[in-house]
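Below: the structure, in structure tokens.
We count ligands from 1, going down the list as the structure has it; atoms in each ligand are counted the same way. Note that the structure is a prediction, hence the values are computed from the model and not measured.
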Amino acid sequence: MNAPSTPVLRLRSASFGYDGKPVVTDVDLDVGRGEVVAVLGPNGSGKTTLVKGLLGLSEHLSGQVEVLGAPLSRLRDRTRIGYVPQRHTLVGAVSATVSEVVDTGLLATRPWWRPADRTERERVREAIEVAGLADRATFDVDTLSGGQQRRVLIARALVSRPEVLVMDEPTAGVDRASQDVLAGVLHRLADEGTTLVVVTHELAALRGIVDRIVEVDTGHLTFDGTPEGYAVHRAESARLAGRTRLS
Ligand SMILES: Nc1ncnc2c1ncn2[C@@H]1O[C@H](COP(=O)(O)OP(=O)(O)OP(=O)(O)O)[C@@H](O)[C@H]1O
């Protein structure tokens with residue numbers, strides 16, 4: 001167990017990229033247990049690269065990255081972090097039911113040849129219920145809408161009860177019903193003390209949940225503070241942009 005003051009995520013001068021080329025550079029960031037952080041910024045600014053860096057999915061090129069109190073490379077139990085990737089739906093070559101897909105979220109904790117026991121089946125059922133899909137548990141995922149499929153992925157990320165959940169644009173292209181369910185899920189997770197890092201273009205959908213905003217622009221952190229502070233920052237940026245246009 002970490003001391004309460006130990007950040008769940010701690011980056012120092014961290015840079016991430018691909019094929020040895022940096023995309024996001026010199027990031028200093030501490031995220032405390034139970035914080036709900038929205039990562040905002042223009043398209044292509046490096047938001048996904050940054051959050052993938054927290055998961056070891058983009059190249060860590062320099063600086064320090066600590067997750068749950070240890071350097072990422074030494075974090076043995078990766079199920080302590082959940083991840084819902086961007087623009088990912090489930091229609092593919094293999095047909096599987098909602099329950100089967102959600103159960104794959106437990107495979108890291110169970111040998112693949114052993115069927116789920118009662119406790120695990122109950123956890124799958126619960127995760128599906130939290131995602132608002134109880135009435136779809138036995139449906140093939142390719143019969144679901146895109147928004148419902150995103151919710152299946154969220155249930156899969158939740159089933160191992162991660163301490164940190166990283167979501168990349170969970171509300172993008174999602175129908176209204178799924179957005180509402182998602183907001184409810186995030187509220188519940190935040191209340192339970194799960195640390196949430198959510199990349200989003202739709203801050204309004206997360207109103208009342210987010211307690212901190214990090215802005216990424218052209219590969220740098222350009223803001224880190226409260227939603228109220230961010231509104232002031234945006235107004236100031238717009239004012240400066242207007243002044244530049246006039247001069
Ligand atoms: N796998 C990859 N290999 C090489 N370059 C990549 C890769 N993924 C992303 N990039 C580049 O990194 C830069 C930042 O992309 P990234 O996806 O992190 O931005 P983003 O802020 O999440 O964008 P969006 O809001 O459009 O999702 C872009 O120039 C992109 O082309």
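Of the candidates Leu40, Val37, Val197, Val37 is the only one forming a side-chain contact (heavy atoms from CB on, under 4.5 Å) with Val214.
Proximity of Lys52 to ligand 1, defined as any heavy-atom pair under 4.0 Å, is not found for any part of the residue. Contacts of Val23 with ligand 1, taken as heavy-atom pairs under 4.0 Å, involve the side chain alone.
Side-chain contact, Arg151 with Ser178: a donor N or O sits under 3.5 Å from an acceptor N or O.
Within the structure, the closest approach of Ser58 to ligand 1 does not fall below 4.0 Å when heavy atoms are considered. The closest approach between a heavy atom of Gly41 and any atom of ligand 1 is not below 4.0 Å. At a 4.0 Å cut-off, not a single heavy atom of Lys21 sits close enough to ligand 1 to count as contact.
Residue contacts with ligand 1: Gln86 is placed with a nitrogen or oxygen under 3.5 Å of a nitrogen or oxygen of the ligand (distance criterion only).
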Contacts table for residues 182-193: side-chain donor-acceptor under 3.5 angstrom, sequence neighbours left out:
| from | atom 1 | to | atom 2 | distance (Å) |
| --- | --- | --- | --- | --- |
| Arg188 | NE | Glu192 | OE2 | 3.3 |

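Close approach of ligand 1 to His201 (heavy-atom distance below 4.0 Å) involves ligand atoms 25 (O). Within ligand 1, counting atoms from 1 as listed, the ones closer than 4.0 Å to a heavy atom of Pro42 are 21 (O). Proximity to Lys47 (heavy-atom distance under 4.0 Å) selects the following atoms of ligand 1: 18 (O), 19 (O), 20 (P), 21 (O), 22 (O), 23 (O), 24 (P), 25 (O). Near Glu169, meaning under 4.0 Å from one of its heavy atoms, ligand 1 places the atoms 25 (O), 27 (O).
Ionic pairing of Asp117 and Arg123 is not present here: no N-O contact between side-chain nitrogen and carboxylate oxygen is shorter than 4.0 angstrom.
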### Message
Show, in sequence, the C-alpha distance, side-chain angles and deciding distance for Thr48 and Asp168, and conclude whether the side-chain hydrogen bond (donor to acceptor under 3.5 Å, both in side chains) test is met.
### Response
CA-CA 7 Å; Thr48 294; Asp168 200 345; 2.8 Å; yes
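The structure places CZ of Arg136 at 7.5 Å from OG1 of Thr143, a figure rounded to the nearest 0.5 Å.
Among Gly53, Gly219, Gly44, the residue whose heavy atom lies nearest to atom 29 (O) of ligand 1 is Gly44.
Heavy-atom minimum distance, Val216 versus Val39: CG2-CG1, 3.9 Å.
Heavy atoms from other residues, nucleotides or ligands lying under 6.0 Å from CZ of Arg234 number 12 at most.
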